[in-house]
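Working notes, structure below.
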Amino acid sequence: MSRRVVRQSKFRHVFGQAAKADQTYEDIRVSKVTWDSSFCAVNPKFLAIIVEAGGGGAFMVLALTKTGRVDKNHPLVTGHTAPVLDIDWCPHNDNVIASASDDTTVMVWQIPDYTPVRNITEPIITLEGHSKRVGIIAWHPTARNILLSAGGDNVIIIWNVGTGEALLNLDDLHPDVIHSVCWNSNGSLLATTCKDKTLRVIDPRKSQVVAERFAAHEGMRPMRAVFTRQGHIFTTGFTRMSQRELGLWDPNNFEEPVALQEMDTSNGVLLPFYDPDSSIVYLCGKGDSSIRYFEITDEAPFVHYLNTFSSKEPQRGMGFMPKRGLDVSKCEIARFYKLHERKCEPIIMTVPRKSDLFQDDLYPDTPGPEPALEADEWVSGQDAEPVLISLRDGYVPPKHRELRVTKRNILDVRPPSGPRRSQSASDAPLSQQHTVETLLEEIKALRERVQAQEQRITALENMLVELVDGTD
């Protein structure tokens, strides 16, 4: 009588490999702020890292191709007056990034394809509505310009970035600090964890809790939660004895976990990064020097340990590349950007295959950059799954991507390469097309600004000459 001992899975042999030294990003002063976010965000064009900055908060944006030593004078994005706590790239426009800060604001920035000469100091819009620090932001997976923010005031606000208005204010669902927020695949539900040890599933448009589970993990330290493609919720947390633990839950039956596994004893919060295409979850602990990964399936024990990538240096944070940014010719199924104290190191997860042909089973169609809904459609109650693209020929990010024009949409009328000026919803252009007159007016205004700066430089030079003559 034969018995199958080894579980069949195409991901059983996934292995991780750190990039070569010339493919890393060096001389980056990674932020030392005490906050359990990833400090890093990446897309097929850019790498963004929260960095140390005097007199406020800042993050650095690098083109993915600009590896090696980073110039100490490399321009930063420096609009916040207190440390930046979280950053997130827009899934529908690779040039748009949002940042959340200790200064209670959320700012949305448009990053040009070229490297700017000076610091970027003016966001395209500032979202003000929280009364305490904003520590979590997350873009809607399928609707254009919908952004979620969660603050230390225990409030979740959902914004329409295109108009600057707060669409939904979930202010009475959490009695304590919110630790994590995650959208499901079509953006109809949220999974949140809170300091009160409760895991909640929320319908944001009805402002109500659909399901909740108290003490999904019994420890007091922060939990994290992400939705899986099967509709389950994967969580990380701590036991009462401070052992790290992972769990899998069915929101329709929160009484008993689908799976619950103890892991090890450590203080670092485990950040879960979930890939719905392969149903693999990667666990990265802050302060750890390893990445553990598990496959989630429909057969017991449901969460299957695959392997561990280990290195010598502990990680300060971690960025996770969307599937469309991977190299399909090398059977790459995930890529991380590990933050050290002074550098960022790519880590590539690969499935070993002998053939050089496109591997259909590793790369099902994956969410592309096109939104499935407009903001107004989502608010009115519509849901839609992500618009999928094939990776058969690889994915080339567009050089200059403009969003489809909607009502007074700030992001649409300001291409990434255009001049920077802070703009609120009230002064968004009435016409969506630049006329000859408006272009001439803008050129005139820029010339006047340059002329004023030249006059200021001349005045300062004269003052310098007078000071030097006085000392002689």
Output for pair (I202 CD1, Q208 CD), nearest 0.5 Å, gives 10.5 Å
Inter-residue atom distance E345.CD - Y25.OH, 0.5 Å rounding | 12.0 Å
Measure the OG-CD1 distance between S149 and I137 for me, rounded to the nearest 0.5 Å.
-> 8.5 Å
Can you list the residues that meet the side-chain contact (heavy atoms from CB on, under 4.5 Å) rule with A21, with sequence neighbours excluded?
-> none
Expected output: side-chain K286 to main-chain W35 donor-acceptor under 3.5 Å | yes
Short side-chain to backbone donor-acceptor contact, Q382 and L373, under 3.5 Å = no
Walk me through it: do I280 and I333 pass the test side-chain contact (heavy atoms from CB on, under 4.5 Å)?
-> CA-CA 10 Å; I280 295 177; I333 63 162; 3.9 Å; yes
Before giving the answer on salt bridge (Lys or Arg N to Asp or Glu O under 4.0 Å), spell out for D383 and R205 the whole-Å C-alpha distance, their side-chain angles and the decisive distance to 0.1 Å.
-> CA-CA 11 Å; D383 291 318; R205 287 168 296 194; 2.7 Å; yes
Residue pair E165 / T163, side-chain donor-acceptor N/O under 3.5 Å = yes
Partners passing salt bridge (Lys or Arg N to Asp or Glu O under 4.0 Å) against D360 (at least two apart in sequence or in another chain) | R392
Pair K66-T115, side-chain donor/acceptor within less than 3.5 Å = no
Which residues satisfy the side-chain contact (heavy atoms from CB on, under 4.5 Å) test with S99, sequence neighbours excluded?
-> F59, H80, V84, I87, M107, W109
Considering only heavy atoms from C-beta outward, does the side chain of N252 approach that of H232 to under 4.5 Å?
-> no
Where do Q315 and L339 land on the side-chain contact (heavy atoms from CB on, under 4.5 Å) test, with the steps shown first?
-> CA-CA 6 Å; Q315 53 228 17; L339 299 186; over 6 Å; no
Main-chain N/O of G268 paired with R221 side-chain donor or acceptor, under 3.5 Å = no
Is there a side-chain contact between I389 and D365, using heavy atoms and a 4.5 Å cut-off?
-> no
Knowing that exactly one of T24, L47, I49 qualifies, which makes a side chain to side chain contact (heavy atoms under 4.5 Å, CB included) with Y337?
-> L47
Side-chain donor or acceptor of T193 paired with backbone N/O of L199 under 3.5 Å | no
Would you say I347 and I291 make side-chain contact, with heavy atoms under 4.5 Å?
-> yes
Please identify each residue that fulfils ring pair (Phe, Tyr, Trp, His ring centres under 6.0 Å) with F309, with sequence neighbours left out.
-> none
So, does T308 use its side chain to make a donor-acceptor pair with the main chain of S310 at under 3.5 Å?
-> no
Could you tell me whether E295 and R7 make a salt bridge, using a distance below 4.0 angstrom between a side-chain N and a carboxylate O?
-> yes
Taking side chain as C-beta onward, heavy atoms only, is L248 less than 4.5 Å from T235?
-> no
Under the side-chain contact (heavy atoms from CB on, under 4.5 Å) test, residues paired with V387 that sit two or more places apart = E370, A372
Atom CD1 in I146, atom CG in L168: separation rounded to 0.5 Å?
-> 8.0 Å
Contact check, side chains of I97 and D88, non-hydrogen atoms, under 4.5 Å = no
May I have all residue pairs that pass side chain to side chain donor-acceptor pair (under 3.5 Å) and include part of residues 262-272, sequence neighbours excluded?
-> R244-D264, D264-R292
Ring pair (Phe, Tyr, Trp, His ring centres under 6.0 Å) with F234: which residues, sequence neighbours excluded?
-> none
N/O donor-acceptor pair under 3.5 Å between K343 side chain and R29 backbone | no
Is the closest side-chain heavy-atom distance between V96 and V108 below 4.5 Å?
-> yes
Distance-only side-chain donor-acceptor flag, T366 / D277, under 3.5 Å | yes
What's the spacing between D376 CG and R144 CZ if we round to 0.5 Å?
-> 11.0 Å
Short side-chain to backbone donor-acceptor contact, R229 and P276, under 3.5 Å | yes
Keeping to residues at least two apart or across chains, list the ring pair (Phe, Tyr, Trp, His ring centres under 6.0 Å) pairs with something in residues 252-279.
-> F273-F320, F273-F336
If you look only at pairs with a residue in residues 317-328, which of them pass as a side chain to side chain donor-acceptor pair (under 3.5 Å), with sequence neighbours excluded?
-> D94-R324, D275-K323, R324-Y395, D327-S329
Any side-chain heavy atom of M349 within less than 4.5 Å of one from Y293?
-> yes
Just checking, is any N or O donor in the side chain of Q230 or T228 under 3.5 Å from an acceptor N or O on the other one?
-> yes
Go through the steps to decide whether D102 and R133 satisfy the test salt bridge (Lys or Arg N to Asp or Glu O under 4.0 Å), and finish with yes or no.
-> CA-CA 4 Å; D102 215 336; R133 63 163 60 176; 3.3 Å; yes
State, yes or no, whether a side-chain contact exists between M263 and L270 at a heavy-atom distance under 4.5 Å.
-> yes
Are any side-chain N or O atoms of R316 and backbone N or O atoms of S31, one a donor and one an acceptor, separated by less than 3.5 Å?
-> yes
What residue pairs, at least two apart or across chains, pass ring pair (Phe, Tyr, Trp, His ring centres under 6.0 Å) with a residue in residues 168-218?
-> H140-W183, W183-W378
Return yes if some donor-acceptor pair links the side-chain N/O of S37 with the main-chain N/O of L85 below 3.5 Å, else return no.
-> yes
When rounded to the nearest 0.5 angstrom, what distance separates CG in N43 from SG in C90?
-> 9.5 Å
Start with the C-alpha gap between E218 and R240, add the side-chain angles, then the distance that decides, and say whether salt bridge (Lys or Arg N to Asp or Glu O under 4.0 Å) holds.
-> CA-CA 5 Å; E218 294 183 344; R240 194 172 292 166; 3.3 Å; yes
Tell me yes or no: between the side chains of D103 and S101, is some donor less than 3.5 Å from an acceptor?
-> yes
Among all residues two or more places apart in sequence or in another chain, which pass the side-chain contact (heavy atoms from CB on, under 4.5 Å) test with R353?
-> K10, C331, V351, Q359, D361, L362
Start with the C-alpha distance between S290 and D288, add both sets of side-chain angles, then the distance that settles side chain to side chain donor-acceptor pair (under 3.5 Å), and finish with yes or no.
-> CA-CA 6 Å; S290 62; D288 288 6; 4.7 Å; no
Taking everything shown except R69 itself, do over 12 heavy atoms lie less than 6.0 Å from its CZ?
-> no
Please indicate whether E52 has more than 12 foreign heavy atoms, meaning atoms of other residues, nucleotides or ligands, lying under 6.0 Å from its CD.
-> yes
Counting N and O atoms only, with roles assigned by atom type, does the side chain of H304 sit under 3.5 Å from a partner on the main chain of E299, one being a donor and the other an acceptor?
-> yes
Sorted by first residue and then second, give each ring pair (Phe, Tyr, Trp, His ring centres under 6.0 Å) pair with at least one member in residues 345-367; sequence neighbours left out.
-> F358-Y363
